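Naming: A, B, ... by sequence-line order, numbering from 1 per chain. These numbers come from a predicted model, not from an experiment.
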Number of protein chains: 2
Amino acid sequence: MRTARPRALTLRDVSAAAGVSEMTVSRVLRDRGDVSAATREKVLTAARSLGYVPNRIAGGLASQRVNLVAVMIPSLSNLVFPDVLGGISAELDDTPLQPVVGVTQYAPAREEAVLYDMLSWRPAGLILAGLEHSRAARAMLRAAGVPVVEIMDTDGESVDCAVGISHRRVGAEMAATILNAGYRRIGFLGTHMPEDHRARKRLEGFEAGLSEAGVPLAAREFYQGGSSLVKGRELTERILTRKPDLDFLYYSNDMIGAGGLLWCLEQGIDIPGRLGLAGFNGVEMLKGLPRRLATTDARRVDIGRRAARIVAGKDPRPDGGVIELVPTFLPGDTIRQV
Amino acid sequence: MRTARPRALTLRDVSAAAGVSEMTVSRVLRDRGDVSAATREKVLTAARSLGYVPNRIAGGLASQRVNLVAVMIPSLSNLVFPDVLGGISAELDDTPLQPVVGVTQYAPAREEAVLYDMLSWRPAGLILAGLEHSRAARAMLRAAGVPVVEIMDTDGESVDCAVGISHRRVGAEMAATILNAGYRRIGFLGTHMPEDHRARKRLEGFEAGLSEAGVPLAAREFYQGGSSLVKGRELTERILTRKPDLDFLYYSNDMIGAGGLLWCLEQGIDIPGRLGLAGFNGVEMLKGLPRRLATTDARRVDIGRRAARIVAGKDPRPDGGVIELVPTFLPGDTIRQV
DNA sequence: GTGAAAGCGCTAACAC
DNA sequence: GTGTTAGCGCTTTCAC
C-alpha cells in the first residue's frame, strides 16, 4: 500500500513558516519585484526546508501565461527529430520557455488530437513539422493567438510562418548532380507513406529535375514501416533484381541508403563506377560507413534553432513568413566525380 | 505585426451559445454525469462551431488532478530511449494519461531542475531513468505523493519501485559467454561518462565475471560525446594499436560496436576467429550489418510498458518494489561458436 | 437532468 | 518593501 498522498504544500505553508505574506513568498520564488535580502533569505530557507514546489497549474491560471512551447513532430525513432529538438532546446535554454513534445506519427487525425491537447495547456507558442494539416487543425492553429512556426518544409503555405528547406529543390538538385555525373538509369527508394509530404516533395522535385533533361525515373521501390539497414538491403536487392541495369539509386533517407550501400559492396558492385548512390539527411551517426554516402544535409539543428528564436521573440516573424535555409549537398564518395 | 491575441474562449462562451449552464457544458465536454442527448448535441455543436478548446490549466486547478505522467530520460539522441517512450505511450494510449518528456543529459543538476519543473505541474505519476539521483531529487520524489517508477536498472535501491534489467548481470554474463568461447585477451570500449551508471555497472559486472575466472581486463578505451560509427572505428583502431594482441572487444553500445565491426572487416581481421566483438542494446535499426554483432537486448520497450502499467494503475506496485526483466543475449556471428 | 455557489492555489493590481 | 483583495476558468458539491 502506498502511503496516502499528503496534501501538497502551498504558498500558505511557506508563508506561515517564513512569517511573511503569501504575496511576498510568491515574489521571492519568482524573483519579481523588490524584496529585502533578509526577507528573501527567510523565504528561500523556509521553502527549501519544507520542500515546497510551486504549483504552476495555479500560477498559470492566475497569470494567464504558461511558459510552454508545444512542439509537434511525426516521430522520435527517426534520427532527424532529436536533432531538431536539440536545436529548439538550445535556443530556449536562456529563456523561461520550455518545449513540450507531442508525437503525431504521420497521422493527420493524431496530429489534430495532439494539437487540441497541447492547446488545452495554453502554450506560449507552437512549433510543428510540415505545412500540411487537416482543416480543423489549421483552424485551431489560426485561433491559437500565439506564434506558430511550421518547420522542415517551405514548399507551401504556412498558417503563420515557416522555417525549413525546399524539399522539392533538394530533389531537383540531386537530379541535376546525378545527371551531371553521367548516370542515366535511375531508381528511387523510399517509404510508402502518403503522409510524409517532405519525402513526397523530394521525389516530385527529383522526377521533375530528371524529366527536364528528358530522363525518366527508371524504377521505384517502396517499403512500409521504420527505416533500418535491413530495409535498405532488401529494397536494394529487390529493385536491382527487377531492373539490373540501373546505374543510380536515390534513397529517401540515409539509413536505408546505408543498408543499400552495405549490400552493394558485399555484392562486389563497383560503387560509384557501375552504380551511384545517394541518401538524404546528413545523419552524423552514420558517418563511418565503408564509403561516405552522398547525401543532403537537411539543416535540422538550424531549423530547430530558428523556429525557437521566433517563438521566443528573439527574432521577429520573418518577412513574408518564410525562412528558407539552404541545404548542404555532401558529395561523399558514392557518386562519380566529373 | 501579429494580430492581437483574441481572448481565448471559455466555457462561458459555449454556455451562452448553447443556452445551457456552464456546468452542463462542462459535463458534456468531460462525458460525465447524466446529460440528455438533446442537450449534449446542442453543447457539442456550439463548442465545435466556436472552436472551443478546454482550458486544462483551470480544469486541473479545480479538480486537483492532472493527467500527465512525467518521463525523465537522459537523452533522445540515443537509439534506446525512443523505444522506451514507445512502450510507455503504447501502454498509456488507452488511459487518460499522457507522457511528458524531460531530458536530463546525464547531468544530476539538470535532472534535479527538470524534476522540480515537472513536479510543478503536479503530474499523476513519474517515470525516470536510473536509480541514482541527487539527495534533493530523491527527497522530491519521495514527497511527490504519486507513483514513481525508476526504469532501466535494478542494481540498487529504488525510491518507490523499479522496472529494468541488471546491468551488472548483463556484464557478468557477457564475460562468461566470451570466456566460454575461448577468448582471453579482452578489451572494453565505452563512453567516458561518470554519470552513465548503467554502462558503469555493465563494466563492473564484466570485470567481476572475468576476474572470477582469473582473467584480467586487458585494455580499456573511453571516448567523449555521442556514439557514432566513426567513434567506434577510432576507438577500435586506438585500442588495437595499443594492444594488438587483444582477441575480444566488448563495446558499451551497438553503435560504436558497429563502427568497430566495419573497421575490423576492412582491415581484413578475421571476425570472430582472430577477434570477437560484442555490443549492447539490441538496436533494431542496425540489423543488416555485414555481420550480426553479438549483443544483449535491453528489453527497452517492455521496460517502458511495465513502468507505464504501474503508473496507470493497470498493474499494482510490484512486491519488493522491483521488476527485473531478463535481457536476451543475441549471439549474432561475431563470437566464435563453441 | 440541470443549475448555483464556492473554491482550487496562485498572481495582478493596487494600497500602504 | 510588503500586504490586501479580487479573480483567473474551471470542477466539486449540493440543491432542486
Side-chain angles (χ1 to χ4, degrees), chain A residues 5-44 46-47 50-68 96 117 119-124 145, chain B residues 5-44 46-47 50-68 96 117 119-124 145:
Chain A
R5 177 169 190 164
R7 187 188 53 71
L9 295 169
T10 71
L11 268 189
R12 185 188 207 88
D13 299 300
V14 184
S15 157
V20 296
S21 74
E22 293 183 33
M23 202 50 234
T24 300
V25 175
S26 169
R27 280 196 267 254
V28 171
L29 263 24
R30 284 175 304 139
D31 245 325
R32 277 239 207 306
D34 292 325
V35 181
S36 73
T39 312
R40 211 186 125 70
E41 244 357 278
K42 256 195 313 200
V43 170
L44 253 22
L50 290 174
Y52 172 68
V53 177
N55 183 333
R56 292 225 213 174
I57 301 281
L61 182 60
S63 65
Q64 301 283 76
R65 279 181 296 95
V66 175
N67 290 326
L68 294 179
D117 222 279
L119 286 176
S120 75
W121 293 105
R122 301 292 188 265
Chain B
R5 177 173 189 162
R7 187 186 56 69
L9 296 167
T10 70
L11 267 189
R12 183 186 209 90
D13 300 299
V14 183
S15 157
V20 296
S21 74
E22 294 183 32
M23 201 49 238
T24 301
V25 175
S26 169
R27 280 196 265 255
V28 172
L29 263 24
R30 284 175 304 139
D31 245 327
R32 279 240 206 303
D34 293 324
V35 180
S36 73
T39 312
R40 213 185 123 70
E41 245 355 280
K42 256 197 313 201
V43 170
L44 253 20
L50 290 173
Y52 172 69
V53 177
N55 184 333
R56 291 226 214 175
I57 301 282
L61 182 59
S63 65
Q64 301 284 78
R65 280 181 295 95
V66 174
N67 290 327
L68 294 179
D117 223 279
L119 286 177
S120 75
W121 293 105
R122 302 290 188 266

Atom pair distance, as rounded to whole Å: CG in A:L61 and P in C:dG7: 16 Å

Taking every heavy atom of A:A58 against every heavy atom of B:L61, the minimum-distance pair comes out as CB-CD1, 3.7 Å

Closest-nucleotide mapping onto DNA chain D: is B:E22 or A:D34 further toward the 5' terminus? I mean the 5' end. A:D34

When you measure from the side-chain N and O atoms of B:T24 to the phosphate of C:dG3, is any distance below 4.0 Å, counting only OP1 and OP2? yes

So which heavy atom on B:D13 is nearest to which on B:L50, and how close? O-CD1, 3.8 Å

side-chain N/O B:S21 vs C:dT2 OP1/OP2, d < 4.0 Å: no

All salt bridge (charged side-chain N to carboxylate O under 4.0 Å, His left out) counterparts of A:R12, not counting sequence neighbours: A:E22

Rounded to whole angstrom units, what separation is found between the CG atom of A:D13 and the C1' atom of C:dC10? 13 Å

Give the minimum heavy-atom separation between A:S36 and A:T39, together with the two atoms involved. OG-OG1, 2.6 Å

By side-chain hydrogen bond (donor to acceptor under 3.5 Å, both in side chains) - contacts of B:D31 (at least two apart): B:R40

Using atom CZ of A:R12 as one end and atom C1' of C:dC8 as the other, report the distance to the nearest whole Å. 13 Å

Provide a list of protein-nucleic acid N or O atom pairs under 3.5 angstrom, restricted to nucleotides 12-16 of chain C.
| residue | atom | partner | partner atom | Å |
| --- | --- | --- | --- | --- |
| C:dA12 | OP1 | A:R65 | NH2 | 3.0 |
| C:dA12 | OP2 | A:R30 | NH1 | 3.3 |

A:T10 side chain near A:N55 side chain, heavy-atom distance below 4.5 Å: no

Kindly indicate whether the side chain of A:L29, heavy atoms from C-beta on, has any atom under 4.5 Å from the side chain of A:L11. yes

What does the inter-axis angle of the helix from C:dG1-D:dC16 to C:dC16-D:dG1 come out as, five pairs per end, nearest 10 degrees? 30°

Hey, are the side chains of B:I57 and A:R56 touching, using non-hydrogen atoms and a 4.5 Å cut-off? no

Provide the start and end nucleotides, 5' to 3', of the part of DNA chain D that has atoms under 4.0 Å from heavy atoms of chain B. D:dG9 to D:dT12

Could you check if a side-chain atom of B:L9 sits within less than 4.5 angstrom of a side-chain atom of B:V14, using non-hydrogen atoms only? no

Test item: A:W121 and B:V66 side chains (from C-beta on) under 4.5 Å apart, heavy atoms: yes

For A:S21, enumerate each residue passing the side-chain hydrogen bond (donor to acceptor under 3.5 Å, both in side chains) test, keeping only those at least two apart in sequence or located in another chain. A:T24

On the nucleotide C:dG9, are OP1 or OP2 found under 4.0 Å from the side-chain N or O atoms that B:Q64 carries? yes

